[in-house]
K.L.:
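Here it is: the structure, laid out below.
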Amino acid sequence: MKKLIVLIIVCVLAGGLYYRLKKPQEEKESVISQSAVKTRSQSSEETYSIKRGKYSIYAEAFLPALSKRVPTVIICNGYTATYKDYEGVAKKLQANGIAAIVFDFVGGSTKSKSDANMSDMTATSLQSDLKAVINYIKGRDYCDQKQFYLAGHSQGGLVAALVADHRSDIRSLFLVAPAFNIPKLLKYAPTPAKGKTMQVGSGYFSRAYVQSMKKVDIYGDVDDYTKPVYIFHGTADDTVNISYSFDAQEKYKHCKVYPYADQGHVFDEEAIDKMCNKVVSIIKK
């Protein structure tokens with residue numbers, strides 16, 4: 001009997017140790033040192049080559065005229081999209097005194113200005129890219145680390161949500177039609193054979209991408225983020241049904257969904273203006 005009790009205790013302790021080792025830990029974000037603010041008398045643009053291991057990530061910053069650090073937003077693009085597809089949004093934020101950064105994921109599309117090709121893109125690599133961009137931008141002289149935001153469209157929204165889940169330095173999330181459906185859709189999809197890919201639209205998924213996305217637990221992998229989340233979603237979106245955003249609203253502690261009537265997965269110019277005005281008003285509130 002005593003041996004049985006000892007065995008049970010050992011198992012419990014071992015289980016507790018395993019849980020502590022396996023439990024995702026909140027990422028440590030120290031305040032990244034910055035140089036003195038360089039006064040800019042007019043708005044400007046900067047380009048960066050950000051290193052992430054052996055890869056280089058292409059990024060552009062749209063900066064307002066400034067004499068002090070300003071609110072900063074990193075915008076994550078969708079599947080097969082590039083930084084250029086979001087320059088218009090970045091410029092609208094820039095015109096309102098907000099620094100906006102757009103970039104290309106490594107292997108994020110066939111037209112990416114960052115390194116690699118789409119066979120190198122996985123759920124993990126996408127998150128690693130964004131973390132590298134975050135760390136780099138937080139060190140720029142114009143970035144107000146207390147007003148630091150992530151935004152993302154479609155797959156970029158999913159990536160932003162996954163990265164923010166274990167961080168405390170993201171003041172708010174702005175998600176546009178976030179593709180919370182990707183893990184669910186791929187869960188039942190056949191995994192490409194080794195060395196093969198799956199054609200999807202104008203791009204393709206690798207075996208590693210499919211395997212990594214199948215491991216993502218939406219919404220379990222995003223709901224630890226407790227700061228405000230703002231989701232903008234078209235009611236006519238036939239790529240990611242708006243129901244996914246309403247489900248997310250139930251999981252997040254502070255979340256507001258803004259439905260855009262008759263808008264699809266990509267908003268028209270009028271809807272983009274309306275959305276940007278809302279984002280600006282939230283940041284400046």
K.L.:
For Glu269, what residues pass the side-chain hydrogen bond (donor to acceptor under 3.5 Å, both in side chains) criterion, not counting sequence neighbours?
P.N.:
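Checked Glu269 against side-chain hydrogen bond (donor to acceptor under 3.5 Å, both in side chains); matches are Lys92.
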K.L.:
If you take all heavy atoms of Lys215 and Asp221, which pair is closest and at what distance?
P.N.:
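What the structure gives for the nearest pair is O-OD2, 4.2 Å.
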K.L.:
Tell me whether Ile101 is reachable from Leu126 by hopping between hydrophobic residues (I, L, V, M, F, W, Y) whose side-chain heavy atoms are closer than 4.5 Å.
P.N.:
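Same cluster: Leu126 reaches Ile101 through Ile, Leu, Val, Met, Phe, Trp or Tyr contacts under 4.5 Å.
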K.L.:
Is the ring pair Tyr260/Phe232 parallel, tilted or perpendicular, if the boundaries are 30 and 60 degrees?
P.N.:
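Tyr260 vs Phe232 ring planes: perpendicular.
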K.L.:
Within this structure, what is the OH-OG1 distance for the pair Tyr142 and Thr39, rounded to the nearest 0.5 Å?
P.N.:
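One gets 15.5 Å once the value is rounded to the nearest 0.5 Å.
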K.L.:
Between CG of Leu66 and CG of Asp144, what distance do you get to the nearest 0.5 Å?
P.N.:
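Between Leu66 CG and Asp144 CG, I get 11.5 Å after rounding to 0.5 Å.
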K.L.:
Any side-chain heavy atom of Met121 within less than 4.5 Å of one from Tyr79?
P.N.:
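With C-beta onward as the side chain, the pair touches.
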K.L.:
Within this structure, what is the OH-CD1 distance for the pair Tyr83 and Ile75, rounded to the nearest 0.5 Å?
P.N.:
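Tyr83 atom OH to Ile75 atom CD1 measures 14.0 Å (nearest 0.5 Å).
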K.L.:
Could you measure the distance from the CZ atom of Phe180 to the OG atom of Ser154? Nearest 0.5 Å is fine.
P.N.:
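If we round to the nearest 0.5 Å, Phe180:CZ and Ser154:OG are 11.0 Å apart.
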K.L.:
Could you go step by step and tell me if Tyr244 and Ile231 meet the side-chain contact (heavy atoms from CB on, under 4.5 Å) rule?
P.N.:
CA-CA 11 Å; Tyr244 284 93; Ile231 303 179; over 6 Å; no
K.L.:
Measure up the Phe103 and Phe105 rings against each other and bin them: parallel (under 30°), tilted (30 to 60°), perpendicular (over 60°).
P.N.:
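Correct class here is perpendicular.
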K.L.:
His233 and Ser245: side chain to side chain donor-acceptor pair (under 3.5 Å), yes or no, with the steps?
P.N.:
CA-CA 7 Å; His233 209 136; Ser245 289; 2.6 Å; yes
K.L.:
At what distance, to the nearest 0.5 angstrom, does CD1 of Ile218 lie from CG of Leu162?
P.N.:
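Answer for the CD1-CG pair, Ile218 versus Leu162, is 5.0 Å.
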K.L.:
Less than 4.0 angstrom from a charged side-chain N to a carboxylate O is my criterion; do Arg52 and Asp129 meet it?
P.N.:
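Here Arg52 pairs with Asp129 in a salt bridge, since their nearest N and O are under 4.0 Å apart.
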K.L.:
Assess Lys278 against Tyr230: is NZ or CZ under 6.0 Å from the centre of the six-membered ring, and within 45 degrees of the ring's axis?
P.N.:
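Because its charged atom misses either the 6.0 Å distance or the 45° angle limit, Lys278 does not stack over Tyr230.
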K.L.:
Looking at residues at least two apart in the chain, or sitting in another chain, which of them share a side-chain hydrogen bond (donor to acceptor under 3.5 Å, both in side chains) with Glu46?
P.N.:
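Once residues adjacent in sequence are excluded, the partners of Glu46 under the side-chain hydrogen bond (donor to acceptor under 3.5 Å, both in side chains) criterion are Arg40, Tyr48.
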K.L.:
On the ring face of Tyr225, is Lys227 found with NZ or CZ under 6.0 Å from the centre and within 45° of the axis?
P.N.:
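Verdict for Tyr225: no cation-pi partner in Lys227.
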K.L.:
Within a 6.0 Å radius of atom CG on Asp217, are there more than 12 heavy atoms belonging to other residues, nucleotides or ligands?
P.N.:
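More than 12 heavy atoms, drawn from other residues, nucleotides or ligands, come within 6.0 Å of this atom.
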